[in-house]
There are 2 protein chains.
Amino acid sequence: MTPDDLASTVDAETALAHAPPGHKDELRLWLRLLTCTTLVEGEIRTRLRRHFDTTLPRFDLMAALERAKDGMTLGEVSRRMMVSNGNVTGLASRLEAEGLVERRAQPGDRRVQRLRLTAKGRREFARQSAAHEAWIAELLDGLAPEERATLFRLLGRAKLSVRAALTNEETP
Amino acid sequence: MTPDDLASTVDAETALAHAPPGHKDELRLWLRLLTCTTLVEGEIRTRLRRHFDTTLPRFDLMAALERAKDGMTLGEVSRRMMVSNGNVTGLASRLEAEGLVERRAQPGDRRVQRLRLTAKGRREFARQSAAHEAWIAELLDGLAPEERATLFRLLGRAKLSVRAALTNEETP
DNA sequence: GGGAAATCCTTGAAGCCTAAACTAATAGGG
DNA sequence: CCCTATTAGTTTAGGCTTCAAGGATTTCCC
């Protein structure tokens, strides 16, 4: 899919616009949220590929590791990235094969693999990260600072709402 | 990944919270947006699987078709769903194999495959759709109506911002 | 100590997804 | 009419993702 396709798309949320109002407000909100995320994510994916020949999951994994001086266990990474364990295993293996990340045994617990960036990985991530941040700023440039602040706050409220619904569900 | 993992996760956005402020506001906003979407999407995926033994992409494709009395071409579906052409081909084939969707030739243009829900597909989707809408309402229940309205409006602004950035990029 | 339960990670099967190359068909301009 | 460009859809290779099952290790607790 080209950027042009993206830009001219009548997305799912827009397609719902003529539905009877009042009833599906939450649904419309969700679809708009999803559309925003998909638009940004797709563009970031494309640019990561074009500029750095990498992928968003790779970038995300390296971003998670970047601040962890002593590395992270695969389980920690998996929780941070909100993906499955098996997913991280494969991702880490590919990054390891490229020399960007290294596995290291954890002294004292032989079940645990500790993951950390290599020097090469840190160099690569520094370049990617700077570009990534600029891209995001570019894409969200059309919002006024106070709009961004309000949006940030409301998304925080939304996150709370979802997490609350999820934890209630566990203990019915 | 269990819902518990999700709920207890220190996500990427939270992990960034102690970074020097002011500089990475857009990035933080983006990460929060992504976290919200990921949380909701993951839960919807899980429930679709558990309750209906289906997937989100299948559901989305059927949702796109539901309003189209005369069906949609694969290309239209691909633009609506913001996914690649090849993706829709495979998705449609799987749904067709399950008897939920049918391909039909378009009179007058032999390149075009028109896709539509079968009667069985409409029945299935009606059940799934009702549940889906209730799930979304449940997850976003923690927001007050005026919060939802503001969030909806600001996400609209965000969408505009991103689309504007994307169309500018095409013509530099 | 020893056995059951929990934790960490990996593996395998199946589906999702993209980019790029390809086929087939249509449209436009000489 | 042909030649070219465009459009619709499929295919292929490779990567991402989940779920479920399983192996290894540790922890708990009697």
Side-chain angles (χ1 to χ4, degrees), chain A residues 1-6 8 38 41-61 71-98 103-115, chain B residues 1-6 8 38 41-50 52-61 71-98 101 103-115:
Chain A
M1 173 146 58
T2 69
D4 182 61
D5 289 332
L6 274 181
S8 66
T38 304
E41 201 172 319
E43 183 65 14
I44 298 298
R45 269 180 214 281
T46 300
R47 294 191 187 185
L48 279 176
R49 167 180 295 267
R50 265 213 299 269
H51 293 262
F52 300 111
D53 191 30
T54 188
T55 67
L56 192 49
R58 278 167 155 90
F59 176 81
D60 286 344
L61 175 42
M72 295 171 74
T73 70
L74 293 195
E76 286 166 353
V77 172
S78 141
R79 281 184 290 277
R80 165 77 58 86
M81 294 178 69
M82 301 196 275
V83 300
S84 70
N85 258 344
N87 191 348
V88 176
T89 295
L91 219 38
S93 299
R94 283 184 290 271
L95 284 173
E96 194 178 25
E98 296 173 17
R103 275 184 172 89
R104 193 173 294 189
Q106 160 126 319
D109 189 338
R110 278 180 300 176
R111 292 169 305 178
V112 176
Q113 297 281 329
R114 201 158 264 280
L115 219 56
Chain B
M1 174 148 59
T2 69
D4 181 63
D5 288 333
L6 273 182
S8 66
T38 304
E41 200 172 318
E43 183 64 14
I44 297 297
R45 270 180 212 281
T46 300
R47 294 191 188 185
L48 279 175
R49 166 180 295 268
R50 266 214 295 271
F52 300 112
D53 191 29
T54 188
T55 68
L56 192 49
R58 278 167 156 90
F59 176 81
D60 285 344
L61 174 43
M72 295 171 74
T73 70
L74 294 193
E76 286 166 354
V77 171
S78 141
R79 282 184 291 276
R80 166 77 58 85
M81 294 179 67
M82 301 196 275
V83 299
S84 69
N85 257 345
N87 191 350
V88 175
T89 294
L91 219 37
S93 299
R94 284 185 290 272
L95 284 174
E96 193 179 25
E98 296 173 18
V101 148
R103 274 184 172 89
R104 195 173 292 189
Q106 160 127 318
D109 190 337
R110 277 181 299 177
R111 291 170 304 178
V112 176
Q113 297 281 328
R114 201 156 263 278
L115 220 55

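Proteins get letters first, then strands, A, B, ... in listed order; numbering begins at 1 in each.
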*Asks:* Just how far, in rounded Å, is P of D:dC16 from CG of A:L56?
*Replies:* 10 Å
*Asks:* Using heavy-atom distances to pick each residue's nearest nucleotide on DNA chain D, tell me which of A:R45 and B:M72 is more 5'.
*Replies:* B:M72
*Asks:* When you get a sec, tell me which of C:dC16, C:dT26, C:dT18 is the closest nucleotide to the side chain of B:R110?
*Replies:*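 The closest nucleotide is C:dT26.
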*Asks:* Expressed in angstrom and rounded to an integer, what is the separation of B:L91 atom CG from C:dC17 atom P?
*Replies:* 7 Å
*Asks:* For the side chain of B:R94, counting heavy atoms from C-beta on, which of C:dG15, D:dC19, C:dC9 is nearest?
*Replies:*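 So the side chain of B:R94 is nearest to C:dG15.
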*Asks:* With the side chain of B:S84 defined as its heavy atoms from C-beta on, choose the nearest nucleotide among D:dT10, C:dT10, C:dT18.
*Replies:* C:dT18
*Asks:* Rounded to the nearest Å, what distance is computed from the CG atom of residue A:D60 to the P atom of nucleotide D:dC16?
*Replies:* 11 Å
*Asks:* Give the rounded distance in Å between these two atoms: CZ of B:R79 and C1' of D:dT7.
*Replies:* 10 Å
*Asks:* Over all strands shown, is B:D109 touching base, sugar-phosphate only, or nothing at heavy-atom distances under 4.0 angstrom?
*Replies:*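 Sugar-phosphate only.
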*Asks:* If you compare every side-chain N and O of A:R58 against the phosphate oxygens of D:dC16 (OP1, OP2), does one of them come in below 4.0 Å?
*Replies:* yes
*Asks:* Between the side chains of B:R47 and B:E43, is the shortest nitrogen-to-carboxylate-oxygen separation below 4.0 Å, so that they form an ion pair?
*Replies:* yes
*Asks:* Taking only side-chain nitrogens and oxygens of A:T73, does any of them come within less than 4.0 Å of OP1 or OP2 of C:dC8?
*Replies:* no
*Asks:* Before accepting this row, confirm whether a basic side-chain N of the pair A:R45/A:E41 lies closer than 4.0 Å to the acidic partner's carboxylate O.
*Replies:* yes
*Asks:* Decide yes or no, distance alone: a donor-acceptor N/O pair under 3.5 angstrom between the base of C:dT7 and the side-chain of A:R111.
*Replies:*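 Answer is yes: a donor-acceptor pair is held.
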*Asks:* Taking the minimum atom-to-atom distance to the side chain of A:T89, which one of C:dC9, D:dC16, D:dC19 wins?
*Replies:* C:dC9
*Asks:* Please name the pair of heavy atoms, one in B:R58 and one in B:L95, separated by the smallest distance, quoted to 0.1 Å.
*Replies:*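 Shortest heavy-atom contact: CG-CD2, 3.7 Å.
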*Asks:* With a cut-off of less than 4.0 Å, is there a side-chain N or O of A:T55 near OP1 or OP2 of D:dC16?
*Replies:* yes
*Asks:* Base, sugar-phosphate alone, or nothing: which one does A:R114 contact when heavy atoms must sit under 4.0 Å apart?
*Replies:*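 Answer is nothing: A:R114 stays at 4.0 Å or more from every strand.
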*Asks:* What is the distance, to the nearest angstrom, from the CG atom on A:L48 to the P atom on D:dC16?
*Replies:*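 From A:L48 CG to D:dC16 P: 12 Å.
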*Asks:* I need the single residue from A:Q113, A:R111, A:R114 that forms a side chain to side chain donor-acceptor pair (under 3.5 Å) with A:Q106. Which is it?
*Replies:*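 Running side chain to side chain donor-acceptor pair (under 3.5 Å) over A:Q113, A:R111, A:R114 with A:Q106 returns exactly one hit, A:R114.
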*Asks:* Students often get this wrong, so: under 4.0 angstrom with heavy atoms, is B:G86 touching a base, only sugar-phosphate, or nothing?
*Replies:* base
*Asks:* Of all the heavy-atom pairs spanning A:L115 and A:L61, show the shortest one and how long it is.
*Replies:*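 That would be CD2-CD1, 4.3 Å.
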*Asks:* Taking CZ from B:R49 and C1' from C:dA14, how many angstroms apart are they, rounded to a whole number?
*Replies:*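 Going from B:R49 (CZ) to C:dA14 (C1'), I get 9 Å.
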*Asks:* Rounded to the nearest Å, what distance is computed from the CZ atom of residue B:F59 to the P atom of nucleotide C:dC16?
*Replies:*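 Value for this atom pair: 15 Å.
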*Asks:* Find the distance between OG1 (A:T46) and CG (A:L56) and round it off to the nearest 0.5 Å.
*Replies:* 10.5 Å
*Asks:* Has A:N87 got a side-chain N or O lying under 4.0 Å from the OP1 or OP2 atom of D:dT18?
*Replies:*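 Looking at the OP1 and OP2 atoms of D:dT18, one of them is under 4.0 Å from a side-chain N or O of A:N87.
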*Asks:* Between atom CE in B:M81 and atom C1' in C:dC17, what is the gap in whole Å?
*Replies:*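 Spelled out: CE on B:M81 to C1' on C:dC17 is 11 Å.
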